[in-house]
There are 2 protein chains.
Amino acid sequence: MAKLLQDSCNQDAIFSKFSHSSPANGGNGTHSYSNNSSYQRLFANVERDKIDQEIAHNFEIQKLSSSSPSNTLVLADMGCATGPNTFGTMQHIVNSMKRTFQSVCPTSPLPEFQVFFNDQTTNDFNTLFQSMPEDRDYFAAGVAGSFHRRLFPTSSVQFMHSSYAVHWLSRIPEEVLDEQSPAWNKGKIHYLGATETVAAAYSAQYAKDMGNFLRARAEELVEGGIMVIITSGNPDGVSAAGLPSGLLYNLLASTLMDMSKEGLVSEAEVDSFNLPIYITCPAEMRQLVEENGHFSIERMELTAPTTWIEGAVDTREWIDHIRAAMEGIFTNHFGNDPNIIDQIFERVTHKLEPYNEEVNSKLHEKVQLFVVLKRI
Amino acid sequence: MAKLLQDSCNQDAIFSKFSHSSPANGGNGTHSYSNNSSYQRLFANVERDKIDQEIAHNFEIQKLSSSSPSNTLVLADMGCATGPNTFGTMQHIVNSMKRTFQSVCPTSPLPEFQVFFNDQTTNDFNTLFQSMPEDRDYFAAGVAGSFHRRLFPTSSVQFMHSSYAVHWLSRIPEEVLDEQSPAWNKGKIHYLGATETVAAAYSAQYAKDMGNFLRARAEELVEGGIMVIITSGNPDGVSAAGLPSGLLYNLLASTLMDMSKEGLVSEAEVDSFNLPIYITCPAEMRQLVEENGHFSIERMELTAPTTWIEGAVDTREWIDHIRAAMEGIFTNHFGNDPNIIDQIFERVTHKLEPYNEEVNSKLHEKVQLFVVLKRI
């Protein structure tokens, strides 16, 4: 049972911090993202050494800080949720930049740092601001709005970071919801395990969303600015349908169908429900970056985000993490009745039990895509 | 009865948007600041033409925008509360800058604008972000934290604005709460109508707070940057004690004493309650700015903020405005029992009735202090 977390190596998407249709759970309560996001942090931490290397060897810190009249380096986290993960990450990046600056310019005064925390307008920024570390050594600001459009002035940011955010689609593709379309996704809630037409519709939406994301960031980043993206990834040429993600989404669909038979939700509600999550692969990401044309690809690699897992993991804790990230999507669609939402997550926990072994075997797969882009 | 608003010409302080001990009421409900802040807006609007003049003739827009590598003008509103007033004001300033820029550099592309909205960490930023106008033509960010300390990188802001915020003290002076001190303010809730020792303690706290405010802003504003401050003011050499502010605070104190006699609140609670509000005068403000030494005083004038008042004003509406700005101070001290809070504001409304004429006669007094400083 405890090995279910191993599934997470293919399930990064469902640990995600926010969706454009519904942000991560706010506040500090039992099901809050604040209290149920340690997995996301640990996944992303796997990449910290690489981020340090990029800052040390690829980020022209002297040039970039001195080009600002106020000798300030501006950083942004795109899709920050409510904390606490974002604070650890951004402080790590600031510390790394300070070390690099001191080794490059040992006699110059350190630059100042300004860090922008971005998420959707409906994100719980009150919790974010109130949980900000008192001892941070940067100036902080919150930016509310979809990162699929412009959020910052032209050439005003030197370093961007986005962890487990860009795999959230801005919307479910229209044809997936259209009963008259061959891409109608009846009885399923995701493209994994569905028809190729459905998968193509998701892929097209992802291309549109990432296109908008990259276009906006290219305008906001200064020349030489670096952007780190950590997201769910799948090896090139391998269908993600056989991965535990597909299993989980199918079990969630079957849970919802059970509940519709019992009259707890309507069948039409289930048919019109789809998860706005997309798992990309390196080839696809490369193509989208090249189409944009404003970035060089400094790194693009699949990594295993779960190397830190040792021994047993509590399934319920794992489902709590999923719930903290995804509950909003369910309540937006099925309503706020806590009984319904509790049942969905309780039932899927039970349905997953027989698949522990299968899921466990995937533990060390490389399903985290780590990308470093440089604005050229 | 309706003429009570006239009191407000001497009561700007109590319309204020926030206190450092408790922010304006959040959300969008009956007693929210969002729905009870039109007076504050109308008071501040009296100064709009003067702000336009300062931008047109005193703000070196071409130089300031071109000194930014991204051709961006950065603005900040210090003490923004939850909106909506701040949005109207900041858009007005952006529009004014655009007009000025177009007249100065008719063939150059307009600069971009980035506007920071600052208030305390406990301010309701969720309401602020969610009520931000869709059609704004600037990049927006929220900055949570006390403006008595640094909030922005050095020399990173070109224009600052603060309306009905700096008169809130960061704390009640210690000696006012100390039973052993000659400044103990037993049975009163403010320095107006109290002893000179109490007034001196408030004045010293204000000097400390404004000193911190000006020191931080001097570091954040670029050379040539402009700061507009609108706050409560009192003519030089005239005691504010005889003004309706004093009347209101005394009636609030007497309301609380009545309630303590009835056992609704304790006498000790009333004795330890004081309003963290200070009304300055031009000479005092000038001295604080001169002590700072980093600003030239471009304008310093007392104005009548109520020239827009025509005919009758609903007293209850007026008290609703006071409540939206001040309720947090009362709930922080007397607890969240809505019955107690309702009674305080109901009772003081009745107590004010006999003073309508007296208050009315003050209608056109100049009790708004309008200050324009330039970073030198």
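Below, read A as the first sequence line, B as the second, and so on, with proteins coming before strands; counting in each chain starts at 1.
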To check you understand the geometry: which heavy-atom pair defines the closest contact between Ala141(B) and Val143(A), and what is its length? CB-CG2, 3.8 Å
Cut-off 4.5 Å, heavy atoms of chain B, and the answer for Phe117(A) is neither
Assert top hit (heavy-atom pairs under 4.5 Å, partner chain A, pool Pro153(B), Gly142(B), Pro111(B), Ala144(B)) equals Pro153(B)
Steps toward ring-ring contact (aromatic ring centres under 6.0 Å, His included) verdict (Phe125(A), Phe125(B)): CA-CA 6 Å; Phe125(A) 281 94; Phe125(B) 281 95; 8.7 Å; no
Can you list, pair by pair, the side-chain donor-acceptor contacts under 3.5 Å of residues 215-229 of chain B, counting residues two or more places apart and other chains?
from: Arg215(B); atom 1: NH2; to: Asn212(B); atom 2: OD1; distance (Å): 2.7
from: Arg217(B); atom 1: NE; to: Glu220(B); atom 2: OE1; distance (Å): 2.7
from: Arg217(B); atom 1: NH1; to: Phe147(B); atom 2: O; distance (Å): 2.7
from: Arg217(B); atom 1: NH2; to: Arg149(B); atom 2: O; distance (Å): 3.0
from: Arg217(B); atom 1: NH2; to: Glu220(B); atom 2: OE1; distance (Å): 3.2
from: Arg217(B); atom 1: NH2; to: Glu220(B); atom 2: OE2; distance (Å): 3.2
from: Glu219(B); atom 1: OE1; to: Arg150(B); atom 2: NH1; distance (Å): 2.6
from: Glu220(B); atom 1: OE2; to: Leu151(B); atom 2: N; distance (Å): 2.7
from: Glu220(B); atom 1: OE2; to: Phe152(B); atom 2: N; distance (Å): 3.2

Cut-off 4.5 Å, heavy atoms of chain A, and the answer for Tyr138(B) is neither
Between Asn71(A), Asn126(A), Val74(A), Thr154(A), who has the most heavy-atom pairs with chain B when the cutoff is under 4.5 Å? Asn126(A)
Is Ser67(B) in contact with chain A via its backbone, its side chain, both, or neither, using a 4.5 Å heavy-atom distance? backbone
